[in-house]
Amino acid sequence: EVFRKIQKVAATDISVLVTGETGTGKELIAREIHRRSNRISGPFVVINCGAIPENLIESELFGHVKGAFTGASSDGRGLIEAASGGTIFLDEIGDLSLELQINLLRFLQEKTINRVGSTRSIRVDARVIAATHVDLDLAVAAGSFREDLYYRLNVVPLRVPSLRERAADVPQLAEYFFEQFAKEKGPQLKGFSRRALGAMSAHAWPGNVRELINRVRRATVMAEGRLITPEDLGLEERDT
C-alpha cells in the first residue's frame, strides 16, 4: 500500500505528509518519492526541524543577509533555497515553533522566501515532503500546530506501519541486514538459529527497523558459533 502511494504521488509536485513511529524509515520513503520523481536530477535536502537550535533555525531554513545578526559577515543561503529544483524533506515537522510555522506556510502558499534581515522575496521551486512521529491532529487541537499548515502539508497522507504491525517481514529484513554486514562477521557465521528467528518474531520492536538493524549488526560481531542466537541479538528468553 505504501509503495502504491509512492508510485502515484512521485510524478506530481503535491505535498506529502509521512507519519509513523521513530525508526520506521520515513526518510527512506521520502527519498524514494524523490528518486521516482521528475526532480531526481535536483537536490534532496533533509531538514531535521527538531535538531537545529531554536536561535539558528530561521537562518538555517530561510538564509540571511550580511549584518542580519551578530556573526552574519556575509549573505547566506538557507536550506530551503538550496533545495530549489529538487525536494525538501522536513523531518520532525511537529517540533517546529509556531512562529516558523507561519513562515513555512507563506513559502508553501507563495513559493517565495525572505532571507533573515531582507525584504526581498526569492522564488524557490522545491517540492515539500514532511514527516513526523507526532499526532498532528492532536497537536492542532492543542494549539501547538497550525491547522492551515497541517492541511497544506497533508495533501497526501502516507502512514508507515510499525515493525510489530508487519512481524512477518522481520526474518526477511534480518537476513537482508545480515548480508549487509557480511564484512564485519566472522567466516564461520552462516545465519540465524531457529531460536533467534523465534525471539525476533516475538519481540515488540519499539525501535522499529532501526532497532532491528542495530541488533543484527551487534549479533554479527558478538556471535561465536555458526548461527546467531537470541543472546547474540540481546533478546534473552524473557522476550521470547
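A cation-pi geometry, defined here as NZ or CZ lying under 6.0 Å from the six-membered ring centre and within 45° of its normal, holds between Lys111 and Phe107.
The shortest distance between side-chain heavy atoms of Ser162 and Pro206 does not fall below 4.5 Å. At a threshold of 4.5 Å between non-hydrogen side-chain atoms, the residues Val209 and Thr24 do not count as touching. Under the 4.5 Å side-chain criterion, counting only non-hydrogen atoms from C-beta, Ile14 is in contact with Arg127. Looking only at side-chain heavy atoms (C-beta outward), Ile93 and Leu104 come within less than 4.5 Å of each other. Contact of the Ile29 side chain with the Ile6 side chain is registered, since non-hydrogen atoms from C-beta on lie closer than 4.5 Å. The shortest side-chain heavy-atom distance between Ile33 and Ile129 falls under the 4.5 Å cut-off. Phe192 has its side chain out of reach of Thr229: every pair of non-hydrogen atoms, C-beta onward, lies at least 4.5 Å apart. Using a 4.5 Å heavy-atom threshold, the side chains of Asp91 and Ile47 count as separate.
With Met200 as the fixed residue, the side-chain contact (heavy atoms from CB on, under 4.5 Å) test singles out one of Leu173, Ile228, Leu233: Leu233.
Between the side chain of Asn208 and the backbone N or O of Thr22, at least one donor-acceptor pair lies under 3.5 Å. Of the possible polar contacts, one joining the Thr220 side chain to the Arg217 backbone as a donor-acceptor pair under 3.5 Å is found. Side-chain atoms of Ser84 do not come within 3.5 Å of backbone N or O of Glu81 as any donor-acceptor pair. Between the side chain of Ser118 and the backbone N or O of Arg115, no donor-acceptor pair lies under 3.5 Å. Panel note: side chain Lys26, backbone Glu92; no donor-acceptor pair is recorded below 3.5 Å. Listed for the Asn114 side chain is a donor-acceptor partner under 3.5 Å among the backbone atoms of Arg120. Asn214 contributes no side-chain N or O that, together with a main-chain N or O of Glu211, makes up a donor-acceptor pair within less than 3.5 Å. Remark: side-chain polar atoms of Asn154 are not paired, donor with acceptor, to backbone N or O of Leu17 under 3.5 angstrom.
By the rule that hydrophobic residues join a cluster once side-chain heavy atoms approach within less than 4.5 Å of another member, Leu153 and Leu79 end up as members of one cluster. Using a 4.5 Å cut-off between side-chain heavy atoms of Ile, Leu, Val, Met, Phe, Trp and Tyr, with links allowed through other members, Val156 and Tyr151 fall into different hydrophobic clusters. A continuous path of Ile, Leu, Val, Met, Phe, Trp and Tyr side chains, each step under 4.5 Å between heavy atoms, connects Trp205 with Phe178, placing both in one hydrophobic cluster. At a threshold of 4.5 Å between side-chain heavy atoms, the hydrophobic network of Ile, Leu, Val, Met, Phe, Trp and Tyr places Leu108 and Val140 in one connected group. Criterion: ILVMFWY side-chain heavy atoms under 4.5 Å apart, direct or through other members. Under it, Leu100 and Val134 are part of a common hydrophobic cluster.
In plain terms, the two heavy atoms of Val2 and Pro161 that are nearest each other are CG2-CD, 4.1 Å. Considering every non-hydrogen atom in both Ala219 and Leu189, the closest pair reads O-CD2, 4.4 Å. Here the closest heavy-atom approach between residue Ser201 and residue Pro171 is recorded as OG-CG, 4.5 Å. For the pair Thr132 and Gly94, the tightest heavy-atom approach, listed with the atom from each and the gap, is OG1-N, 3.8 Å. Nearest heavy atom pair, residue Ala10 against residue Ser37, reads O-CB, 3.1 Å. Contact record, Ala83 with Ala126: O-CB, 3.6 Å, taken as the closest heavy-atom pair.
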Would Thr112 and Ile122 count as a side chain to side chain contact (heavy atoms under 4.5 Å, CB included) here? Give the steps. CA-CA 5 Å; Thr112 61; Ile122 300 172; over 6 Å; no
As a quick check of understanding, evaluate side chain to side chain contact (heavy atoms under 4.5 Å, CB included) for Arg146 and Gln101, giving each step before the final call. CA-CA 7 Å; Arg146 292 182 62 94; Gln101 289 176 33; 3.4 Å; yes
Please test Arg210 against Arg215 for side chain to side chain contact (heavy atoms under 4.5 Å, CB included), starting from the C-alpha separation and ending with a verdict. CA-CA 9 Å; Arg210 190 175 298 155; Arg215 287 189 182 275; over 6 Å; no
For the pair Val45 and Thr87, evaluate side chain to side chain contact (heavy atoms under 4.5 Å, CB included) and give the outcome as yes or no after the intermediate values. CA-CA 6 Å; Val45 177; Thr87 302; over 6 Å; no
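Expressed to the nearest 0.5 Å, how far OG of Ser97 lies from CD1 of Ile57 amounts to 7.0 Å. Expressed to the nearest 0.5 Å, how far CG of Asn103 lies from CG of Leu105 amounts to 9.5 Å. Note that CD1 of Ile113 is 9.0 Å distant from OG of Ser121, once rounded to the nearest 0.5 Å. Separating the CG atom in Leu61 from the CD1 atom in Ile52 is a distance of 5.5 Å, to the nearest 0.5 Å. To the nearest 0.5 angstrom, Lys8 atom NZ is 11.5 Å from Leu158 atom CG.
The pair Glu147-Arg152 does not count as a salt bridge, with every side-chain nitrogen at least 4.0 angstrom from each carboxylate oxygen. Taking a cutoff of 4.0 Å between a charged side-chain nitrogen and a carboxylate oxygen, Arg35 and Glu32 qualify as a salt bridge. Using a 4.0 Å cut-off between charged side-chain N and carboxylate O, Asp13 and Arg39 make a salt bridge. Salt bridge Arg159/Glu165: present, at least one basic N to carboxylate O contact under 4.0 Å.
Residue pairs meeting the ring-ring contact (aromatic ring centres under 6.0 Å, His included) criterion with at least one partner in residues 32-64, sequence neighbours excluded, are His34-Phe44, His64-Phe69.
Under the rule for a ring pair (Phe, Tyr, Trp, His ring centres under 6.0 Å), Phe89 has no partner lying at least two apart in sequence or in another chain.
The local environment of CD in Gln188 is crowded, with over 12 non-hydrogen atoms from other residues, nucleotides or ligands closer than 6.0 Å. By the neighbour-count criterion of 12 heavy atoms within 6.0 Å, atom CZ of Arg226 is sparsely surrounded, having that number or fewer from other residues, nucleotides or ligands.
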